[in-house]
Number of protein chains: 2
Amino acid sequence: MSDTIPPTRERIIAAAGKLFHSEGIRAVSVDAVAEKAGVTKRTLYYHFRSKDDLIAAYLEARDQPNLALFQRWFAETDGDAAAKVEGIFRNLARSASHPKWKGCGFLRTSVELINLPGHPAILAGRAHKKRIEDWLCSIFEEEGAVKEPRQLARQVILLLDGAFAVVLLHRDPSYMEAAGDAAARLIRTSLPKRDAPDVGRACTALDP
Amino acid sequence: MSDTIPPTRERIIAAAGKLFHSEGIRAVSVDAVAEKAGVTKRTLYYHFRSKDDLIAAYLEARDQPNLALFQRWFAETDGDAAAKVEGIFRNLARSASHPKWKGCGFLRTSVELINLPGHPAILAGRAHKKRIEDWLCSIFEEEGAVKEPRQLARQVILLLDGAFAVVLLHRDPSYMEAAGDAAARLIRTSLPKRDAPDVGRACTALDP
DNA sequence: TTGTGTATATTCACTGGTCGGTATACATCA
DNA sequence: TGATGTATACCGACCAGTGAATATACACAA
């Protein structure tokens with residue numbers, strides 16, 4: 001078909017993305033995805049070997065855009081690394097305040113498929129989270145003064161995923177801000193003891 | 001039946017608990033629960049109106065014991081509040097290192113049922129998490145010197161639930177330790193700026 | 001240009017199986 | 001006798017995946 005408008009495979013992935021993300025994996029039938037994509041189920045099974053394949057494709061399609069969004073939010077925020085990371089959380093809080101917000105698809109899919117250890121969707125989730133962690137780690141390394149960049153990146157990830165879970169459970173975006181505040185404090189107190197662990201920005205560029 | 005050995009209802013809840021927790025809600029059929037409990041499905045439906053009721057009963061049965069376990073771990077650890085909270089995470093890391101460990105049932109159930117907003121299981125999950133948060137908050141309030149006890153309790157909860165999610169995804173308990181370290185640092189830096197935000201324990205009892 | 005072959009893409013109708021829940025009858029005991 | 005509990009067998013809905021046939025597009029030869 002026309003390559004510019006709706007290549008069938010992409011339309012199916014898009015439909016799967018909307019449905020899987022908003023209702024969950026097991027709650028959405030293959031028939032529902034096919035109907036949403038305007039395609040017969042048999043056509044869907046022409047493009048994907050199984051529902052599991054479709055799930056994996058859905059997550060793989062979200063990996064890069066998700067990371068890029070984080071990087072954009074980071075770049076758009078002024079201040080030191082702590083403030084920039086906090087900016088990510090503030091943007092997430094804004095997203096999470098929409099009633100249709102459904103948290104992190106990678107996390108939720110992994111939870112739904114937890115009894116299938118080697119499932120490609122779980123591998124995709126792991127890879128995605130690692131990619132974000134590595135990106136944060138590289139930022140803290142460039143920062144230079146940070147004592148344990150890897151540990152710090154992990155702790156920010158813990159706050160991030162914790163916020164996804166808690167905000168989804170309580171439907172209260174203020175937890176996202178609390179997570180951002182915690183992340184910023186952890187980053188600032190990870191800098192050499194120079195500055196007091198207070199509001200004022202810590203050193204922005206100070207190589208060892 | 002005999003009240004001391006296996007009251008049917010409790011046996012069903014116990015069976016549901018094992019299955020739901022280890023495989024997930026949607027992955028476990030009512031028939032499977034009935035069989036595990038050594039009871040016919042009709043008997044199960046005599047004691048519970050629906051599968052949803054059973055799910056709620058499963059979570060309600062876990063609320064108090066879970067909190068009690070946290071409180072025991074907290075009490076058993078020596079040191080200041082930061083060290084005691086870190087002790088909880090260390091104990092959780094030990095639990096999480098067992099290959100059969102499956103994270104937090106409240107969180108996972110809430111994720112599985114996310115498209116049923118008012119579901120009793122979600123309410124149970126919310127209540128449980130709030131209860132832990134309130135308990136932490138009361139500890140920080142008793143500590144006296146903590147600046148914003150509620151905010152701090154929320155941040156510890158964020159790290160806790162983040163650790164549940166991330167450890168489950170990566171199957172790497174060291175994230176649990178990283179979360180404990182972050183929690184301890186947040187608690188110590190929440191005390192009035194007296195001490196440097198460093199390794200040495202901050203003041204243990206110092207009323208305002 | 002027309003005819004033929006082939007790979008891609010799509011459809012309709014169907015299967016085998018599972019699941020939540022129920023109808024009905026039977027058992028036990030106060 | 002009536003309340004409580006158990007057993008067997010079943011229903012209707014749904015669901016992942018399939019078989020067989022068909023449509024489209026493009027290659028290349030006559």
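We name chains A, B, ... by the order of the sequence lines, and we start the count at 1 in each one.
- Here Phe70(B) and Trp135(B) keep their ring centres 6.0 angstrom or further from each other.
- Per the geometry, OH belonging to Tyr46(B) stands 17 Å off C1' belonging to dA23(C), to the nearest Å.
- Look at CG on Leu113(B): it is 12 Å from P on dG20(C), rounded to the nearest Å.
- Phe106(B) does not carry Arg62(B) over the face of its six-membered ring by the limits of under 6.0 Å from the centre and within 45° of the normal.
- Remark: the backbone N or O of Asn115(B) is not paired with any side-chain donor or acceptor of Glu23(A) at under 3.5 angstrom.
- Interatomic distance, Lys36(B) NZ to Asp31(B) CG, rounded to the nearest 0.5 Å: 15.0 Å.
- Using the six-membered ring where Trp is involved, Trp101(B) and Phe164(B) have ring planes that are parallel, under 30° apart on the 30 and 60° scheme.
- In terms of modelled atom types and a separation under 3.5 Å, the side chain of Asn91(A) and the main chain of Gly87(A) share a donor-acceptor contact.
- Atom CZ of Arg9(A) and atom P of dT10(C) are 12 Å apart (whole Å).
- The distance between atom CZ of Phe48(B) and atom P of dT4(D), rounded to the nearest whole Å, is 17 Å.
- Of the candidates dA7(D), dG5(D), dC12(C), dC12(C) carries the atom nearest the Thr40(A) side chain, counting heavy atoms from C-beta on.
- Taking side-chain N and O atoms only, His47(B) has a distance below 4.0 Å to OP1 or OP2 of dT6(D).
- Rounded to an integer number of Å, the gap from CD of Glu35(B) to C1' of dT6(D) is 17 Å.
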Does the protein touch nucleotides 15-20 of chain D at the base, only the backbone, or not at all? Give it as B, S and - per nucleotide, heavy atoms under 4.0 Å.
SBBBB-
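- Taking side-chain N and O atoms only, Thr8(A) has no distance below 4.0 Å to OP1 or OP2 of dA9(C).
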